[in-house]
Each structure stands twice: as structure tokens, then as C-alpha cells.
2 protein chains.
Amino acid sequence: MNLKELSQNLGLSQTTVSRALNGYPEVSTATRRRVEEAARTFNYSPSTRAKGLATGKALAIGHVIPLSSKHEMVNPVFGDFIAGAGETYSRNGYEMILSIVPDQDERRIYQGLKSRRAVDGVIVHGPVMDDPRIPLLHKLGLPFAVHGRASVNETPYAWLDMNNRNAFKRATDFLFDLGHQRIGLVNGLEFMDFAYRRRNGYTVSLSDHGVTPDPDLMRSGEMTEDFGYVSARQMFALDDAPTAIICSSMISALGVRRAIEEKGLVMGKDISVISHDDVLSYLKNGGDTPIFTATRSSVREAGRQLAQMLLDAIENPGRAPQTKLLEAELVVGTSTGPAPRKD
Amino acid sequence: MNLKELSQNLGLSQTTVSRALNGYPEVSTATRRRVEEAARTFNYSPSTRAKGLATGKALAIGHVIPLSSKHEMVNPVFGDFIAGAGETYSRNGYEMILSIVPDQDERRIYQGLKSRRAVDGVIVHGPVMDDPRIPLLHKLGLPFAVHGRASVNETPYAWLDMNNRNAFKRATDFLFDLGHQRIGLVNGLEFMDFAYRRRNGYTVSLSDHGVTPDPDLMRSGEMTEDFGYVSARQMFALDDAPTAIICSSMISALGVRRAIEEKGLVMGKDISVISHDDVLSYLKNGGDTPIFTATRSSVREAGRQLAQMLLDAIENPGRAPQTKLLEAELVVGTSTGPAPRKD
DNA sequence: GAGCAAATCCAAAGCGCTTTGGAATTTTGA
DNA sequence: TCAAAATTCCAAAGCGCTTTGGATTTGCTC
């Protein structure tokens, strides 16, 4: 069923039917109802392609997910982020176009999306500190919004970020308050902007407490379970092992816990652990009481909000780029406790 | 830059330029080269929408991901599956359109995709035993391919599945060979087809070994870490606790391990665990030697192959639906060992 | 009931591409 | 050398929609 057939069926012109369906005022309420009724029974909806051609809008947003070329890894956070963004899109009649590409091909993909006019805008995932995509997208004139930030950047752009620095500073402060002095950091890859900021929050807290950062206590890598395990093991093997570990992801935190238990220690007593919790749907932080003390910020909510920001920006092209900083909350679970007393 | 401008620039007609770019034979090699060259320097690629309108193809595949309405959970497997499928699409010039929808809305979404002519076909995720989407898509005449199978179904359709029944039968057999008699199952939701088949393989093995299935040893639920933990705890509280547990997902297996260690037991000695491993990028099964003995089958590879099957089906509409059954391999890790002797 | 504004509708152009049916040019064969 | 065949190109129609500019009808006012 297409517009032509539908309008013939109703004995109306295509113009009128189109206007009725798109809420234009030049149509009487009676005909509008008739048209809507008919559209429903014939299961008609306008072809996205034709509509897009006629209006010049794609009614679609592109998500370009970089695939870590080293580990072929898809960020586990992305499923929930996408779910959040998807809610916003479907509420606003947009479609989501997804490209998962080896990170070295990203440039080409953005150019392609632009020149094929496939999307009205894109979401940028996983920004690194000096991210080349931001100037690129500016140059292309393709509206975009970034999940996270790029520290090194002149021109303003739209972003939504969690306050990584503050979250990790608070977590570290919290451990100091419990009496810990040797605190390890199991971080993500530190050319990623979020990881850089987290380390920054961590080291600032250390300095505040008169502690010099110890490279042996600072690991950085792709946040798998195994990475958490290996990192913790290495730290425990030190002469002056940490009594607490801060971890950038729940998944690596599970690895950290494995290392703790393997050593016959008890988490929350012998070793304290704080993790960042993205509130992933399949990785709830325990049941009723949280297992891990955690800095918590829902990545799904981030998806919802950032998508909305991008749609707003597309509809108001003049306006200055919006930005938004979300604060993580610190939830206290059973994985932290006072520092064990030295014998 | 559009076709018109490009052809004016070259002093050719739009027809010729279009043909040159699409590999039609009515164009001399010299002009073709000229055209390709120009397209490259002007960064021209045809508008997907216009092309789609003209050809009647969308050059896009839809993925409709059901969002569990109960737990608002996105299947963690989906990121890797999508990554695999995405590889296939980009190699073939297709786009991936993603909708994440509350499972009760799925029907409407498929109808929308069809009537808006937004996609050439769809991938069906997470089939349940008697899946209504299969007859619906047949009725709509929208090409589709299913990741998994629906047990209750008359008409043939394209699918790719892992041999769940066989994998879990082998896993159970393996535990029997090690002398275990009380074997627990921590399964996914059993209206999901894969989970049903897995339980089936498990019970068949039990019968083969003259053991009657014990409801107390069979849990079914959304496969989170916590679910694994809670399930294992409950089993351990039994008078006649199991000496081995088979688990449907690595994530729940981590929960099972937590319960084991909490009880002060050693996995692989006091309790054996076998998990299914989807080879998710962020959840490697240990480093060099696998931690969990596991039935292994890469879900990313499944994505690659199923996407290809769908594209083939779209290009050869006449042909009978293809199907493919992948066998999981059984990798032996440190999480299994001989059944502890009764004292 | 004439005159005018408001309400309601329509024909046709245009969005950027592919493709049909021909026209123009070059090459070939005898 | 000249007709036929092969090569190379083009104008125009059509894909399904939106939107402009205009035509027609209806409702009011006096």
C-alpha cells in the first residue's frame, strides 16, 4: 500500500492524505479522521526512503562503534547504552543505524554516512583524549554528540559524560577514610578519555592525602575479567601489597575478587574493593544489598539523554552545543571495610 | 555532491556516470576510470535513499532485539553477535538497522519495518519455543533468518543454531565419566528455545546414566551473575548437594564460583563446574589455560554466518530456506575434576 | 442574496537515483 | 568503400513522498 493507492481508495488527492497524516492544519477534522482510520486498516506507513528523499532528512541516527583492533573487543557497556538511546529514537520516530568497525576504518565510515546522506547525525562512542573524530565531524558538517569527552579539543561540541574524575576521587577518598594507605587502581586503557580522568581523580586524592602514586599499583588495560585477575595477582605479589583496589569496571572487579579468593583472603575484610558500576542489565551488583561498594551511574540513562540531546541539536541547528555532566553516586556494599591493622 | 553535479562536472550524462559506477558493460574502460577517479576525488557516493527508491531495495537489514519486559535486560550475547553480523553487512554494502523494543511491541515493529519498506530482511533474535514471529514474518512476506530455532513450527524457515542439546548432553556425560552423580543445572529461561534444548540434553544424559532428574537441581532464570550465585547457594543448602553444576552462561558461572568460594570450597576439586562459553570478547575464559571447562561456540561467528545466509536468501528469493547447525567444542579447564569420594 | 474570508482540497514540481528505449558514433567485414 | 554490427552515450520516465501555488467550496456578515 502506498500513498497513491491509499488516496485513490479514499477518493482524495495525495496532497490531502499526506497533510492529514502529517498533522497540517489545512485539513478538516472529519477527513483527517477518515484518513487516519484508513491508514490504520490498510496498515499504511510512508516509505522512509521516499519521505527522506522528499524532506531531505534521513530520520536516522548513526552509531559507529569502534572495534578495538588489538583485542577485537566490543565494549560490554554498549548494549545498554544502545538500549537507552533506542528508547529515545523510537519515541521520536527515528531509526538507529549501527556500524561496528575496526577502529582504523572509522574515518571512512563517517565520510560514507555523510556522503550517502544516510543519517541526520551520529553518536560518537569511546572518545580518546585527543580524538580525531571531533574535528573530522566538524569539517564534514555532520551533527554529532559524544558519549564522554575529549580532553584535548578547542572547538565546542555536544557531549554527555559521567564525572569520572570526581567519582574516582571520592572512591579513593572513601578508602583513605577507612584507613587504607596502599590503594591499587585497575583502570581501563588510559588513552581513552574516561580512563585518563579516572586516574586523575585517583591521583589527586592520593596527593591530597600525601601519598605519592606508585606505578606498581596502577594497571591499565582492556577491562576483561582476566585483566582484573591478573592485575590483582601482580599487586598481591608485591612486598608492599595494597589493602584496597579501585576498579574501573564490574567485570574486571569480578576478576579481582577471583584473585582475592584464590589467595584465601576475604574481600571487604583483608582487601577492600571499589568498582565503577555502569548498571548493566546482566550484571547487577548483587541482589538486595550490593556486593561491591561502587560508584554508580547508569549507562542506559546516559544513552537516553544523549540521544535526546542530539535530536534537539538536529532540530535547532543554530543553538550552541549542549553538554551534560552526570554525577555518579557512591553506594556502599560489603566489599569495603577498615584497613587491616598492621601486625 | 550528487549525481547531476558529478556528471556535469565530467561532461557526461547521469546515465553514463551511473552505469560506470555500477559496473554496467555499456561503458568504455576509459570513461569508467575517469568517472571512478572523479567520484573518489569529489567524495561522491550515491544517496542510499534515492538509490533505494529507484531500485526498490533498502540495502539494509533489521535487527529487532527484544528487551525482556520483566528484567529490562539486553542479552549480553547480542553485542558480539551484532559485531559478527556487522562484518558481513559492511562487506556486502548493507546497513544494519537496530530496534531494541519491549518484547510485547515486537509485532508492531516488524509490521512497521515492512510497511515503511525500511529493510530488505530481518534477523530474529532469541526465539522462544513456539515463536509467533515466525508465522508473522511469513505472513508479512518479509525475508528473515533466525538465530536459534523454534521447536514448535510447521513451515520451514532459515535458521542457524548451535547444537544446544548435544553440547549439554556431552557436558553432562563428561561429568558422569568423572564419577559425578549429583549434577545441577543452572539454565536460562526455559521458554527460550535454546534453554529448553539444553535442559533436554542434560536430562537425556541423566536417563542414559540411570539418574532421575531432580527438580531441586534444576534452576531456570535470567542469566545474570546473581542468578548463578543464588542458584548455587540454594543447591548447596540441600541435604544431598550436587558435586557438579552445569551452567548456561559464563556470567552466571561467575556467580556459581562466588557461591563455591564463599562456602570455602575449591572449584574443580570439591565442586566441578561446566559452563557454556559464547566466546564474548570481554569475557575470555581465563588467560592461557581456560578456567572453566566449557562447551564453546563463538556467537560472533554465528552472527557472521547467519547474516550471510540472510543476504543469500534475499538475493535468491526462490531457493528453499537454508539452515545450519554448529557444534560446540568441549574445552577442558580447571573447573572440573573427579567427583570427591564420599567419606 | 451578494460579497468576502476562511476552509478545504488538488495538480504538478521536485528530491537523487536507476533504467528503458533510442540515437549517435566507431569499428568491422566483404 | 559502404552497410551492418558493435560500442558508447543520452533524454526521459519513474520510484513514493512533500510542498508550493492555486482552485474550489463553504460559512458569515450586512
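- One atom, CG of A:N22, and another, P of D:dT20, lie 13 Å apart when rounded to the nearest Å.
- Ring-plane geometry between B:H125 and B:H147 is classed as perpendicular, the angle between the planes exceeding 60 degrees on a 0 to 90 degree scale with a lower cut at 30.
- Here the nucleotide nearest the side chain of B:L53, chosen from D:dC17, C:dC9, D:dG16, is D:dG16.
- Note: NZ (A:K51) to C1' (C:dC17) measures 21 Å, nearest angstrom.
- At whole-Å resolution of the value, CG in B:L21 and C1' in D:dC9 are 16 Å apart.
- Here B:S28 lies in heavy-atom contact (under 4.0 Å) with sugar-phosphate atoms only.
- At a threshold of 4.0 angstrom between heavy atoms, the contacts of A:S18 include nucleobase atoms, whether or not backbone atoms are also involved.
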Counting only pairs under 3.5 Å, give me each side-chain donor-acceptor contact of residues 306-317 of chain A, with atom names and distances, residues two or more places apart or in other chains.
residue	atom	partner	partner atom	Å
A:Q308	NE2	A:D312	OD1	3.2

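- Across the interface with DNA chain D, nearest-nucleotide mapping of B:A54 and B:R34 shows B:R34 to be the residue nearer the 5′ end.
- Partner B:F144 forms a side chain to side chain contact (heavy atoms under 4.5 Å, CB included) with one of B:I123, B:V119, B:V124 and no other, that one being B:V124.
- Residue B:R117 has a polar side-chain atom (N or O) positioned under 4.0 Å from OP1 or OP2 of D:dC17.
- Counting to the nearest Å, the C1' atom of C:dT19 and the NZ atom of B:K57 are 16 Å from each other.
- To the nearest angstrom, P of D:dC15 lies 11 Å from CD of A:E5.
- Of the candidate nucleotides D:dA11, C:dT18, C:dC9, D:dA11 has the atom nearest to the side chain of B:S13.
- Residue pairs meeting the side-chain hydrogen bond (donor to acceptor under 3.5 Å, both in side chains) criterion with at least one member in residues 2-15 of chain A, sequence neighbours excluded: A:S13-A:T16.
- Not a single donor-acceptor pair under 3.5 Å links the side chain of B:K51 to the backbone N or O of B:P46.
- For D:dT19, its base sits under 3.5 Å from the side chain of A:T15 at one donor and acceptor pair at least.
- Atom CG of A:L3 is separated from atom P of C:dA11 by 14 Å (rounded to the nearest Å).
- Comparing D:dC10, D:dC17, C:dT19 by their nearest atom to the side chain of B:T55 picks out C:dT19.
- With D:dT19, C:dG16, D:dC10 as the candidates, the nucleotide lying closest to the side chain of A:R19 is D:dT19.
- As a whole-Å value, the separation of B:Y24 OH from D:dC9 C1' is 16 Å.
- With the nearest nucleotide of DNA chain C identified for both B:T16 and A:R32, A:R32 has the one nearer the 5' end.
- In this structure, B:R49 reaches neither bases nor backbone, as no heavy-atom distance under 4.0 Å exists between it and the strands shown.
- When the P atom of C:dC9 is taken as reference, atom CD of A:E26 falls 11 Å away, rounded to whole Å.
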